Number of protein chains: 2
Amino acid sequence: MKEDQKIPNPVVRRLGLYYRCLNKLYDEGIEYVASKDIASRLGIKSSQIRKDLSYFGEFGKRGVGYNVENLIKKLETIIGVDKNWNVIIIGAGNIGSALVNYPGLKKEKFNIIGVFDADRSKVGKKIGKLTIQHISQLHEFAKKNIIEIAVIAVPENAAQMVTEELEKLGIKGIVNFAPVKLRTNIPVEEVDITLSFKTLAFKIGREGSR
Amino acid sequence: MKEDQKIPNPVVRRLGLYYRCLNKLYDEGIEYVASKDIASRLGIKSSQIRKDLSYFGEFGKRGVGYNVENLIKKLETIIGVDKNWNVIIIGAGNIGSALVNYPGLKKEKFNIIGVFDADRSKVGKKIGKLTIQHISQLHEFAKKNIIEIAVIAVPENAAQMVTEELEKLGIKGIVNFAPVKLRTNIPVEEVDITLSFKTLAFKIGREGSR
DNA sequence: CAATAATTGTGAACTTAGTCACAATTATTA
DNA sequence: TAATAATTGTGACTAAGTTCACAATTATTG
Ligand SMILES: NC(=O)c1ccc[n+]([C@@H]2O[C@H](COP(=O)([O-])OP(=O)(O)OC[C@H]3O[C@@H](n4cnc5c(N)ncnc54)[C@H](O)[C@@H]3O)[C@@H](O)[C@H]2O)c1
Ligand SMILES: NC(=O)c1ccc[n+]([C@@H]2O[C@H](COP(=O)([O-])OP(=O)(O)OC[C@H]3O[C@@H](n4cnc5c(N)ncnc54)[C@H](O)[C@@H]3O)[C@@H](O)[C@H]2O)c1
């Protein structure tokens, strides 16, 4: 293990995959697992898994494999899901509502604690247990609650403005669904759905010619 | 330009970004653009753009830049959005509905022509202009319509079964929202939203220690 | 308890992706 | 028309990421 290293992004994404896979194994009652088995479930090489984990320490037992429960706990700490994250959603439209209704996020320790929208006709309505608040109430809300992550689910043209507001409030990270590059120093994860469609179209177009 | 090459995935994704950026420039009435300008809008290096484009040909004019309208057309052909793609959605839940209601997909040439669900209480209801059909009707539907792309928006445990069904119907590509690795030979694009949250959590956790 | 089998952790080798730097080209200016 | 400025396209280089291959370790078997 090398200390204090910058961890490559692909490694980070795979850690999430390993975590998910290990939880399935745990639910299946499996106690020990070899990198080879995780690899075959995820369709990658076992050496990749071992190398990825080696950035953070030695978690396995030679000749045996990894203790599932133990490795889950280690990954929780590494990824940062050993604690709950407070999340707000900006934009109570299609995507915003889908996220609020999605139980998977809470299960993974991402707690949606507020939904905000600029459209006064939506304010006061409920999505699940949450009441949509007007965006002007965000500032007040941020004083009373620790918000760590914000989701941008507003139209493209509002995204940059919202980002700057969020930056002022001291939000620590953004998940952005708007198809636009945000100018900010906060860490941003882009979820670019139409880009995925286009990438797929490209691949399909090349299927024959390979 | 090198013929017949395998195009790296990151290049393909960026093509989509360039395409989007160029359309914005076009709407702004800009006729010619330099790689440097696109680069600064997207926060990447200009050499990256030129190298990416060079996989497919020479589209610029030295000393001048790229003709916006022309490059858009070239990218349309390269990516494959010079034609319309027929898309169906499997699973008329949160994500499925969000996609059907999203005008951006149609604008990018992805036409949703059908929505299917296993829940009979949803069948017959409308999302936008589309009526939710029962999944058992899919086979018949596929005989009457050319379906190129399917979106998997069903719960994790149904995703693999659905995939196998889609494979039988000869669908050419899948956009998968379920958090599970699909075993199939069809090209798949994964949209893994909780993974994005976890990646963000990791990054936030490291912000201080860098 | 020695031999065998399984499996990790990790440097080294390899492969893929990104950047640099500059000749070639085009347009503009004097 | 010669000099200047801007910008492309790309080969050479550098960096990042993946896979290999094997010593080290652990458990199991005869
Ligand atoms: N729906 C999809 O499937 C989909 C797919 C890909 C990308 N996206 C992107 O995700 C974003 C949201 O899409 P959607 O379909 O949910 O849109 P939507 O129109 O359903 O919802 C957007 C919401 O944001 C609100 N809003 C607008 N400006 C605001 C502001 N300044 N502050 C707070 N709220 C504001 C609107 O009132 C609306 O309720 C868009 O950028 C879209 O391009 C959506
Ligand atoms: N909603 C989100 O924000 C979100 C975020 C990340 C991932 N996802 C994933 O996307 C998928 C869909 O999520 P959702 O929130 O839309 O779920 P949902 O429960 O709202 O919708 C799923 C729909 O699929 C239908 N369905 C179940 N089995 C089916 C089958 N065999 N054939 C056809 N239809 C079937 C259900 O009747 C339901 O209508 C899930 O795998 C989920 O994990 C969703």
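Proteins come first, then strands; the chains are lettered A, B, ... in the order of their sequence lines, and each starts at number 1. Keep in mind that what you see is a predicted model, and the values were worked out from it rather than measured.
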**OP:** Assign the ring pair A:Trp85 / A:Phe110 to parallel, tilted or perpendicular, where the plane angle (0 to 90°) is split at 30° and 60°.
**Re:**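 Taking A:Phe110 first and then A:Trp85, their aromatic rings lie parallel (interplane angle under 30°).
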If I take atom [atom1] in residue [X] and atom [atom2] in nucleotide [N], what distance separates them, rounded to the nearest angstrom?
X	N	atom1	atom2	answer
B:Glu58	D:dT10	CD	C1'	9 Å
A:Gln48	D:dA21	CD	C1'	16 Å
A:Asn9	C:dG18	CG	P	12 Å
B:Ile38	D:dT7	CD1	P	12 Å
B:Tyr55	D:dT10	OH	P	12 Å
B:Phe56	D:dG9	CZ	C1'	15 Å
A:Leu71	C:dT8	CG	P	11 Å
B:Leu53	C:dG18	CG	C1'	15 Å

Original post:
Would you say B:Lys106 has more than 12 foreign heavy atoms packed within less than 6.0 Å of its NZ?
Top reply: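 No.
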Original post:
Are any side-chain N or O atoms of B:Glu190 and backbone N or O atoms of B:Lys181, one a donor and one an acceptor, separated by less than 3.5 Å?
Top reply: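 Not confirmed, B:Glu190 side chain does not pair with B:Lys181 backbone.
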Sequence neighbours left out, cut at 3.5 Å: what donor-acceptor pairs do the side chains of residues 141-150 of chain B make with other protein atoms?
| unit_1 | atom_1 | unit_2 | atom_2 | d |
| --- | --- | --- | --- | --- |
| B:Asn145 | ND2 | B:Phe141 | O | 3.0 |
| B:Glu148 | OE1 | B:Asn86 | N | 2.8 |
| B:Glu148 | OE2 | B:Lys83 | NZ | 2.4 |

Original post:
Can you name the nearest heavy-atom pair linking B:Phe202 to A:Ile78, along with the distance?
Top reply: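 Shortest heavy-atom contact: CD1-O, 3.3 Å.
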Original post:
Taking only residues at least two apart or on different chains, which pairs with a member in residues 88-104 of chain B satisfy side chain to side chain donor-acceptor pair (under 3.5 Å)?
Top reply: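 Listed by first then second residue: A:Asn94-B:Asn101, A:Asn101-B:Asn94.
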**OP:** Residues of residues 13-29 of chain B with any non-hydrogen atom less than 4.0 angstrom from an atom of DNA chain C: list those, numerically ordered, please.
**Re:**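 Within this stretch, B:Arg14 sit under 4.0 Å of the strand.
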**OP:** Could you check which residues of residues 30-37 of chain A get a heavy atom under 4.0 Å from DNA chain C? Sort them by number, please.
**Re:**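 Close to the strand are A:Ala34, A:Ser35, A:Lys36.
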**OP:** Go through the structure and list residues passing salt bridge (charged side-chain N to carboxylate O under 4.0 Å, His left out) with A:Asp117, not counting sequence neighbours.
**Re:**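 Salt bridge (charged side-chain N to carboxylate O under 4.0 Å, His left out) list for A:Asp117, sorted by chain: empty.
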Subject >> Carboxylate-amine/guanidinium contact B:Glu156 A:Lys24, below 4.0 Å >> reply: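 Between A:Lys24 and B:Glu156 there is a salt bridge, with a charged N closer than 4.0 Å to a carboxylate O.
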Subject >> SB check A:Glu189 A:Arg13 (cutoff 4.0 Å) >> reply: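 Salt bridge flag = yes for A:Arg13 with A:Glu189.
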Subject >> Test applied, side-chain contact (heavy atoms from CB on, under 4.5 Å); reference residue, A:Leu200; option that passes from B:Val175, B:Ile186, B:Val188 >> reply: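 Only one of B:Val175, B:Ile186, B:Val188 forms a side-chain contact (heavy atoms from CB on, under 4.5 Å) with A:Leu200, namely B:Val175.
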Subject >> Name of the residue among A:Val151, A:Asn111, A:Val87, A:Ile112 meeting side-chain contact (heavy atoms from CB on, under 4.5 Å) with A:Leu105 >> reply: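 Exactly one candidate clears the test, A:Ile112.
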**OP:** Spell out protein contact along nucleotides 20-30 of chain C as letters: B when the base is contacted, S when just the sugar-phosphate is, - when no protein heavy atom is under 4.0 Å; keep the 5' to 3' order.
**Re:** BB-BBBBS---
